[in-house]
Amino acid sequence: MFSLQTLEVTRELNCVTDFLPECEEQLQSLQERSDRGPLYGVPISLKDNYNYQGHYTTLGLIKNLERPASEDCVIVQVLKKQGAVPFVKTNIPQSMLNYDCSNPIYGQTLNPHNHKKSPGGSSGGEGALISSRGSILGFGSDIGGSLRFPSAFCGVCAFKPTGNRLSKIGLVSSCPGQKSVSAMLGPIARDVDSLVVAMRALLCDDMFQLDPTVPPIPFNDEVFSSTRPLRIGYYETDGSTMATPSMRRAVLQTKDLLEKAGHQLVQFNPPMVASSLFELAMKGLLADGGSTFLDNFKGDRVDANLRTQVTTYSLPSWLKSLLSVVVKPLFPRLSMVLQNTRGVSSVKELWKHHSEVESYRQQFIALWRAQGLDALICPILGPALTIGYPGKLSSAVSYTILYNLVDFPAGVLPVTTVTPEDEESLKTYEGHYKDLWDKLLKKAVADGVGLPVAVQCVALPWQEEQCLRLMKEVENLTKLERRP
């Protein structure tokens, strides 16, 4: 059934890259097992960067078409042990360090709600496929919002756990070795319950034995099932990327619903988001001046959606320094990008940077503790950007990459759609900086009436169950509000 539905979906959206024929044999062997597992028979879609034995993990790079994986990644092994049946792999942007979804091998994936819009990335194939019911449960990865962007743009749910809650062995990265920004894998589905089922199934002895570096902490149903009223922080905009009218309304609407349900909502102001984006996250991801990232493209074609990034990162360090001084008076954010993609000059400077990241994380936690928060709601970029714009707007990842930097669990779920009033209000949008990137963002999200808009739910590190509990609460309240 799902193979036929998936085929129809990918004919329209171009979201599937590979069929896994082994699934038929696996399903037959499952029927002979006495211990079928909690995910028995559930068809699973996988992002391209999950190693699956005998199949390519391309990252959208032509040179990787000659390198089939020698074994399944740990998560695929665990999924199979739990009875799940992986059956397809899905599309990504070339290199994955981008939140559009196209590459020279498989082409452009489309948004199911509007084919002129991006499905998000880098787990964009998953977002499009899940939204169109071509799969009921998928798995992606997230280093700056790569699970959360597609979910928000396509109107589904996704969850990014703390950085080491699940095993990452056998997942391929475009920037292996960097430690400043935490990458993580996670589930994506049409509802929060499916995310919970996935997390509960994965946090098992099989995973803890296959990867002993993962803390053996099973799913805490007591926390997830609690009905205790929560003290929840919220913010409407982060001081770096001004929230669009629909983003702001989604948060305030959710705040009101939670307050009516008996929870306490308090204003929270995340510290120094703009500087953390450029001086900590961007500098950490490209601490080698971008050389590891750029190595991916040697001898390969560069996708059109990556050209702005590749061109910028390829500039010599001395030229980046010079240009950062020249453009600073008129375009301070571009100056910060140029300055912080130069790379670090020594191991000592790298260690200093790691120390600065940890200091920021502790500052963030201290502020959270001072306000006595259990969890947090905040915007997620939306609505979906027009195809071609994400690669020009790396500055707009501030709402998501923040929680990779501080390594907090975070999930997104749809709560509303863009209204004609939102679209009208967008006409007066100027942004915090009133620069070229603010103007580009305004153009990118225009013509969005009817597109889904999500909110982001966040909890402290290792409190995945608390985050999922809040997501479930928001989902229930939103559904009740929509009933006539």
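Note that these values count all heavy atoms, side chains included, but never hydrogens, waters or copies made by symmetry. This structure is a prediction, so every number in the text was calculated from the model and none was measured. Just so you know, residue 1 is the first one in the sequence shown, and it goes up from there.
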*Asks:* Are any non-hydrogen side-chain atoms of Leu257 and Glu481 less than 4.5 angstrom apart?
*Replies:* yes

*Asks:* Pair Thr241, Ser398 - check side chain to side chain donor-acceptor pair (under 3.5 Å), show working.
*Replies:* CA-CA 7 Å; Thr241 306; Ser398 57; 2.9 Å; yes

*Asks:* Test Leu470 against every option in Val455, Ile377, Leu413 by the side-chain contact (heavy atoms from CB on, under 4.5 Å) rule and name the one that passes.
*Replies:*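 By the side-chain contact (heavy atoms from CB on, under 4.5 Å) criterion, Leu470 pairs with just one of Val455, Ile377, Leu413: Ile377.
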
*Asks:* How about CZ on Arg228, more than 12 heavy atoms from neighbouring residues, nucleotides or ligands closer than 6.0 Å, or not?
*Replies:*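 It does: Arg228 CZ has more than 12 such atoms within range.
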
*Asks:* Show your reasoning for whether salt bridge (Lys or Arg N to Asp or Glu O under 4.0 Å) applies to Asp438 and Arg333.
*Replies:* CA-CA 11 Å; Asp438 282 333; Arg333 285 199 290 179; 3.1 Å; yes

*Asks:* Would Arg469 and Glu465 pass as an ion pair if we require N to O under 4.0 Å?
*Replies:*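 Here Arg469 does not pair with Glu465 in a salt bridge, since their nearest N and O are not under 4.0 Å apart.
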
*Asks:* Check Phe153 against Leu381 and note the closest heavy-atom contact, atom names and distance.
*Replies:*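 That closest heavy-atom pairing would be CE1-O, 3.4 Å.
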
*Asks:* Tell me, do Lys442 and Lys439 make a side-chain contact under 4.5 Å, heavy atoms counted?
*Replies:* no

*Asks:* Rounded at 0.5 Å granularity, tell me how far CZ in Arg249 sits from CD in Glu236.
*Replies:* 13.0 Å

*Asks:* Report the C-alpha distance between Asn51 and Asp72 in whole Å, list the side-chain angles of each, state the deciding distance to 0.1 Å, and finish with yes or no for side chain to side chain donor-acceptor pair (under 3.5 Å).
*Replies:* CA-CA 5 Å; Asn51 274 343; Asp72 293 344; over 6 Å; no

*Asks:* For Asn404 and Ser182, which I'm curious about, is there any donor-acceptor pair between the side chains at under 3.5 Å?
*Replies:* no

*Asks:* For Lys81, is the NZ atom crowded, meaning more than 12 foreign heavy atoms sit under 6.0 Å from it?
*Replies:*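 No, not enclosed.
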
*Asks:* Go through it in stages, so that I can follow the logic: the residues are Ser135 and Ser45, the test is side chain to side chain donor-acceptor pair (under 3.5 Å), and I'd like the CA-CA distance, side-chain angles, deciding distance and then a yes or no.
*Replies:* CA-CA 6 Å; Ser135 171; Ser45 48; 2.8 Å; yes

*Asks:* What I want to check is whether the side chains of His263 and Glu473 have a donor and an acceptor closer together than 3.5 Å.
*Replies:* yes

*Asks:* Give a yes or no answer on whether the side chain of Thr10 reaches the backbone of Cys15 with a donor-acceptor pair at less than 3.5 Å.
*Replies:* yes

*Asks:* Using the salt bridge (Lys or Arg N to Asp or Glu O under 4.0 Å) definition, which of the options Lys168, Arg148, Lys160 pairs with Asp142?
*Replies:* Arg148

*Asks:* In plain terms, say whether Lys255 and Glu259 are close enough for a salt bridge, that is, a side-chain N and a carboxylate O under 4.0 Å apart.
*Replies:*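 Looking at Lys255 and Glu259, the cut-off is met.
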
*Asks:* With a 6.0 Å cut-off on the ring centroids, do Phe149 and Tyr399 count as close?
*Replies:*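 Centroid separation for Phe149 and Tyr399: 6.0 Å or greater.
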
*Asks:* Side-chain donor-acceptor pair under 3.5 Å between Asn305 and Gln108, yes or no?
*Replies:* yes

*Asks:* Under the 3.5 angstrom rule, does the side chain of Ser180 hit a backbone N or O of Ala281 as a donor-acceptor pair?
*Replies:*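 The answer is no, because no donor-acceptor pair under 3.5 Å joins these two groups.
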
*Asks:* Inspect the surroundings of CD in Glu222 and state if more than 12 heavy atoms from other residues, nucleotides or ligands are less than 6.0 Å away.
*Replies:* no

*Asks:* Looking at Phe364 versus Phe408, is the centre-to-centre ring distance below 6.0 Å?
*Replies:*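 Phe364 vs Phe408: aromatic centres under 6.0 Å.
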
